[in-house]
Amino acid sequence: MIRELRWNDLEDLVANYYSYYDELKDTPDFGISFYKERPDYSSEVEWFSGLFREIVEGNALAVVAEENGKVVGLCDVHRVRPGTELDHSAVLGIAIRKGYRGKGLGGLMMKKIIELSKGKFEILKLEVFSVNSRAINLYRRLGFVEYSNFPKAVKRGDRYYDLIQMYFTL
Ligand SMILES: CC(C)(COP(=O)(O)OP(=O)(O)OC[C@H]1O[C@@H](n2cnc3c(N)ncnc32)[C@H](O)[C@@H]1OP(=O)(O)O)[C@@H](O)C(=O)NCCC(=O)NCCS
């Protein structure tokens, strides 16, 4: 089931986020950028309340994928610098827990967030590791267009990753 975020999703979302830090140990190319130290629980509560505040203020949207009563994925968009000439665009992020990928949940969450973004934002944009072909396939299929490549944008230990930037006109 794809639905909008709820207050009581906090625990599942923190567990999912921490699972990505665990996954990084065996998957050095994992396609989201991480803090060098895993944020503690109180930082997670701060992140979650900040996200809700942005939603209430009309500056963010968040949808989740729920399977058997557990939240297994999150897709959110955040308005770029509210109150400035940049604020007609929003930045999108998405991640699904291991075991639930490649089943179409990413596409469903993105379609839902695109639908909710209409009338609120004019442009969505995102950044994706150039090695993340699954994500790039998905974004292209939904109509996102590549507009630049930022070489060595991510430094993970002694390895560098390029970030491709893409946009979608709502
Ligand atoms: C990227 C992510 C959100 C995609 O969601 P998903 O539910 O796995 O993707 P979907 O099943 O909706 O679709 C993926 C597309 O890639 C294709 N695909 C699946 N596995 C693939 C692989 N290993 N390599 C290349 N393409 C692949 C699918 O066939 C599908 O394309 P199609 O619909 O044209 O056939 C999800 O895999 C994820 O959370 N990954 C880890 C975190 C991450 O990388 N986030 C993105 C940060 S920018």
Side-chain angles (χ1 to χ4, degrees), residues 1-21 30-66 70-97 100-101 105-129 132 135-136 138-150 153-154 161 163-170:
M1 173 180 43
I2 308 297
R3 59 165 175 81
E4 289 190 58
L5 185 71
R6 294 180 192 145
W7 273 110
N8 57 2
D9 292 332
L10 170 69
E11 297 302 326
D12 286 349
L13 288 177
V14 174
N16 292 345
Y17 187 57
Y18 284 173
S19 79
Y20 305 141
Y21 278 82
F30 193 69
I32 56 178
S33 50
F34 288 92
Y35 289 99
K36 289 177 183 170
E37 301 279 332
R38 192 184 83 169
D40 61 16
Y41 187 75
S42 74
S43 309
E44 287 300 289
V45 173
E46 228 167 273
W47 161 76
F48 190 71
S49 46
L51 173 58
F52 254 97
R53 183 189 169 136
E54 282 184 72
I55 293 172
V56 169
E57 291 172 344
N59 291 326
L61 293 167
V63 301
V64 300
E66 185 184 314
K70 285 269 175 209
V71 171
V72 299
L74 171 70
C75 179
D76 57 2
V77 293
H78 299 260
R79 189 183 298 283
V80 176
R81 296 180 56 195
T84 73
E85 295 169 338
L86 305 175
D87 73 1
H88 57 303
S89 63
V91 177
L92 182 144
I94 184 167
I96 297 168
R97 197 179 173 119
Y100 297 91
R101 299 179 194 142
L105 291 175
L108 291 173
M109 285 200 290
M110 298 260 310
K111 281 185 191 151
K112 175 91 178 163
I113 211 117
I114 287 170
E115 188 189 300
L116 293 170
S117 294
K118 288 190 174 147
K120 220 176 189 91
F121 311 114
E122 295 178 34
I123 303 165
L124 299 181
K125 54 183 197 165
L126 59 81
E127 292 188 328
V128 56
F129 283 43
N132 195 349
I136 294 169
L138 171 64
Y139 303 148
R140 283 189 185 138
R141 174 162 59 84
L142 291 171
F144 278 76
V145 179
E146 291 164 44
Y147 67 93
S148 73
N149 184 339
F150 182 1
V154 178
Y161 296 89
L163 285 184
I164 292 176
Q165 294 169 316
M166 304 177 86
Y167 74 90
F168 179 91
T169 306
L170 286 157

* Structure fact -> To the nearest 0.5 Å, atom CE of Met110 lies from atom CZ of Phe144 at 4.0 Å

* Structure fact -> Closest non-hydrogen contact found for Val63 with Ile113 is N-CD1, 3.8 Å

* **Qualifying residue for side chain to side chain contact (heavy atoms under 4.5 Å, CB included) with Leu5, from Asp76, Leu61, Val71, Ile55** => Ile55

* Please say whether more than 12 non-hydrogen atoms of neighbouring residues, nucleotides or ligands are located less than 6.0 Å from CZ in Arg3. => yes

* Asked: So does Asp87 pair up with Arg81, basic N to acidic O under 4.0 Å?
  -> no

* To do: Search all heavy atoms of Ala60 against all heavy atoms of His78 and return the closest pair with its distance.
  => CB-ND1, 4.1 Å

* **Aromatic plane relationship, Trp7 with Phe48 - under 30° parallel, 30 to 60° tilted, over 60° perpendicular** => perpendicular

* Taking every non-hydrogen atom, the tightest pair across Ile2 and Ala65 -> CD1-CB, 3.8 Å

* Residue pair Tyr20 / Arg97: nearest heavy atoms and the distance that separates them -> OH-N, 3.3 Å

* **Over-ring placement of Arg79 relative to Phe121, 6.0 Å and 45° cut-offs** => no

* Asked: Can you pull the side-chain hydrogen bond (donor to acceptor under 3.5 Å, both in side chains) pairs that have at least one residue in residues 41-51, sequence neighbours excluded?
  -> Glu11-Tyr41, Asp40-Ser42, Asp40-Ser43

* For Phe52, does the CZ atom sit with more than 12 other heavy atoms under 6.0 Å from it, leaving out its own atoms? -> yes

* To do: Please work out which of the three classes, parallel, tilted or perpendicular, describes the rings of Phe34 and Tyr21, given edges at 30° and 60°.
  => perpendicular

* To do: Indicate the atoms forming the closest heavy-atom contact of Asn16 with Gly73, along with that distance.
  => ND2-N, 4.1 Å

* Closest non-hydrogen atom pair, Thr84 against Val80 -> OG1-O, 4.4 Å

* Asked: If you count the non-hydrogen atoms of other residues, nucleotides and ligands that lie under 6.0 Å from CD in Glu57, is the total more than 12?
  -> yes

* Asked: Should Glu4 and Lys112 count as an ion pair when the cut-off is N to O under 4.0 Å?
  -> no

